[in-house]
2 protein chains.
Amino acid sequence: MSKHLVRHLKMQSFTEENYLKTIYHLSENNEGAVQTNAIAEKMQTKAASVTDMLRKLSEKELINYKKYQGAHLTPLGKQTAINVIRKHRLWEVFLVEKLNFKWDEVHDIAEELEHINSPELVERLDEFLAFPKNDPHGDPIPDKNGNFDFVPFIKLSKLKKDDKGLIMGVSEHSSAFLKHLEKLGLTLGKPLTVSAINDFDGSVEIIVDDKKTSVTREIAKHILIRI
Amino acid sequence: MSKHLVRHLKMQSFTEENYLKTIYHLSENNEGAVQTNAIAEKMQTKAASVTDMLRKLSEKELINYKKYQGAHLTPLGKQTAINVIRKHRLWEVFLVEKLNFKWDEVHDIAEELEHINSPELVERLDEFLAFPKNDPHGDPIPDKNGNFDFVPFIKLSKLKKDDKGLIMGVSEHSSAFLKHLEKLGLTLGKPLTVSAINDFDGSVEIIVDDKKTSVTREIAKHILIRI
DNA sequence: TTAATTTTTTAGATTTGTCTAAACATTTAG
DNA sequence: CTAAATGTTTAGACAAATCTAAAAAATTAA
Ligand SMILES: [Mn+2]
Ligand SMILES: [Mn+2]
Ligand SMILES: [Mn+2]
Ligand SMILES: [Mn+2]
């Protein structure tokens with residue numbers, strides 16, 4: 001890391017921050033330790049590289065790690081990860097609300113902006129945006145102490161025929177996925193009704209804006225619903 | 001450079017961008033080739049490191065460089081440097097105008113933001129800010145084609161007794177310097193009159209807002225005036 | 001125009017983050 | 001319960017950006 005990017009006191013490199021964030025996201029769902037291969041896959045890197053980094057993060061007391069046993073974030077590691085996520089989501093709100101980007105265009109830019117290191121900047125950005133609670137994809141934005149409401153949305157793929165609900169979020173941020181939803185009229189806040197579930201491939205037929213559409217089971221897994 | 005920060009087509013690292021920017025600024029004033037030691041001093045690094053980087057930038061055709069002869073930006077290198085400067089200055093305007101930072105607080109944050117790689121983001125930011133012509137320190141903001149008016153301001157240190165003028169810029173961005181000016185009431189746009197020049201140490205006595213103050217010759221060199 | 005001084009480059013290390021190939025450990029299946 | 005498959009770590013290398021110390025070139029001064 002170049003000296004021109006010297007960070008605050010606890011100097012985490014972009015790379016370290018990305019590892020911490022990935023470990024955080026992987027431990028959100030399943031409870032146990034986060035495995036080397038899972039991290040390697042998410043970060044599009046090799047298991048050997050992950051092992052190296054896990055040792056380093058462990059050295060810095062950002063994770064608990066023992067050989068062959070996977071990783072857990074320490075409180076310090078968790079705080080760091082949540083702070084990066086806070087910044088990511090605030091910048092996404094900025095890009096959509098102030099610069100008129102679409103929700104499918106902001107993720108990659110936020111991946112860069114999330115590493116800008118200025119606590120003051122984050123707090124002022126939060127204020128400028130009027131302390132938003134959710135990002136453009138429905139994800140909750142942690143406050144400056146790292147607290148946020150855990151809202152247990154249900155995957156569209158779990159709904160039954162005739163269930164009704166509101167689209168509250170997505171669990172996949174790729175532009176391709178979001179553009180596809182947009183084309184189908186599936187945007188945040190939209191009410192929908194499940195009109196049928198296809199026995200053969202699990203695809204879900206829904207009614208949105210009085211129009212009938214259908215999404216594959218894979219897509220339905222990434223659409224989050226509040227009933 | 002980590003793969004998570006893979007940039008656009010012409011992949012310049014933060015470090016390369018900072019070198020190009022420094023070479024650009026050093027060639028703004030004196031015309032000839034930019035010397036190794038001058039770069040080393042501005043970047044707070046060692047001459048040996050500079051030599052390594054000059055060879056690399058030359059390899060990439062961003063500068064013209066021959067051993068012992070110093071460096072010149074190529075058109076491509078100049079364009080890259082100006083684009084980084086454009087981003088730096090636009091972000092400074094954002095920080096001051098939208099997030100209410102003071103002019104002495106924004107430089108370091110902009111040093112990080114200037115490396116965010118998204119042409120679309122820059123254009124939308126420019127529009128959001130209503131296409132500002134100057135940054136909070138009076139420096140001109142290049143347009144998206146890299147063009148900007150060269151405005152030949154005069155250093156306060158060059159003025160004579162009884163000369164009048166407007167403060168149009170500063171050529172030093174450190175927080176300490178800017179805070180000092182602020183304390184003396186020397187902010188952008190302020191009219192001033194030179195009431196005396198001290199023979200002994202060259203310090204400049206001025207009248208601003210009907211009050212008399214005095215700045216050292218060193219400080220006067222960094223205050224830019226339009227008569 | 002030789003000598004002293006300044007400037008620049010080279011040589012050789014170091015740190016960070018990455019990789020491949022091979023070894024080792026753990027889990028799963030027969 | 002052994003054997004195969006899967007998952008993880010080690011060993012050794014590499015590229016980027018940096019450093020120190022020493023050599024070489026260019027400039028300035030005597
Ligand atoms: Mn995102
Ligand atoms: Mn998001
Ligand atoms: Mn600045
Ligand atoms: Mn500025």
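Since this is a predicted model, take the numbers as computed values, not measurements. Hydrogens, waters and symmetry mates are skipped; everything else that's a heavy atom, side chains included, is used. Letters A, B, ... mirror the listed sequences (proteins, then strands); counts begin at 1.
Residue B:Asn37 has its side chain nearest to C:dT8 when only D:dT18, C:dC19, C:dT8 are considered. The side chain of B:Ser49 has D:dT18 as its nearest neighbour among C:dC19, D:dT18, C:dT18. Nearest to the side chain of A:Ala47, among D:dT9, D:dC19, C:dT8, sits D:dT9. Relative to the side chain of A:Lys67, the nucleotides D:dT9, D:dC19, C:dC19 differ in distance, and D:dT9 lies closest. Among D:dG7, D:dC19, C:dT18, the nucleotide with an atom closest to any side-chain atom of A:Tyr68 is D:dG7.
OP1 or OP2 of D:dT9 has at least one side-chain nitrogen or oxygen of A:Tyr65 nearer than 4.0 Å. At C:dT18, none of the side-chain N or O atoms of A:Lys46 fall inside 4.0 Å of OP1 or OP2 (strictly under the cut-off). Between C:dT7 and B:Gln35, no contact under 4.0 Å exists linking OP1 or OP2 to a side-chain N or O. Residue A:Tyr19 places at least one side-chain N or O closer than 4.0 Å to OP1 or OP2 of C:dT18. In this model, the phosphate group of C:dT16 is not approached by any side-chain N or O of A:Ser13 to a distance below 4.0 Å at OP1 or OP2.
What separates CD of B:Glu17 from P of D:dA16 is a distance of 16 Å, to the nearest Å. If you measure from atom CD of B:Glu16 to atom C1' of D:dA15, you get 12 Å, rounded to the nearest angstrom. The interatomic distance linking B:Asp52 (CG) with D:dA15 (P) rounds to 15 Å, in whole Å. Separating the CD atom of A:Glu41 from the P atom of D:dT6 is a distance of 15 Å, rounded to the nearest angstrom. The separation between B:Lys66 atom NZ and D:dA24 atom P is 23 Å, rounded to whole Å. When the C1' atom of C:dT7 is taken as reference, atom CG of B:Leu54 falls 13 Å away, rounded to whole Å. Here D:dA24 presents its P atom at 19 Å from CD of B:Gln69, a figure rounded to the nearest Å. For the pair A:Leu57 CG and C:dT16 P, the interatomic distance rounds to 13 Å; values are reported in whole Å.
Using a 4.0 Å heavy-atom cutoff across all strands shown, A:Thr36 reaches sugar-phosphate atoms only and no base atom.
A:Phe177 is linked by a ring pair (Phe, Tyr, Trp, His ring centres under 6.0 Å) to A:His222, counting only residues two or more places apart in sequence or in another chain. A:Glu97 meets the salt bridge (charged side-chain N to carboxylate O under 4.0 Å, His left out) test with no other residue; sequence neighbours excluded.
Each of B:Ala48 and B:Met53 was matched to the nucleotide of DNA chain D holding its nearest heavy atom; the match closer to the 5' end belongs to B:Met53.
With respect to A:Leu62, the side-chain contact (heavy atoms from CB on, under 4.5 Å) criterion is satisfied by exactly one of A:Leu57, A:Leu54, A:Ile23: A:Leu57.
Under the 30°/60° scheme for interplanar angles, the aromatic rings of B:Phe94 and A:Phe128 are found to stand perpendicular.
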Using the side chain to side chain donor-acceptor pair (under 3.5 Å) rule, take A:His88 and A:Asp135 through it: C-alpha gap first, then chi angles, then the decisive distance, then the call. CA-CA 9 Å; A:His88 182 104; A:Asp135 84 0; 5.7 Å; no
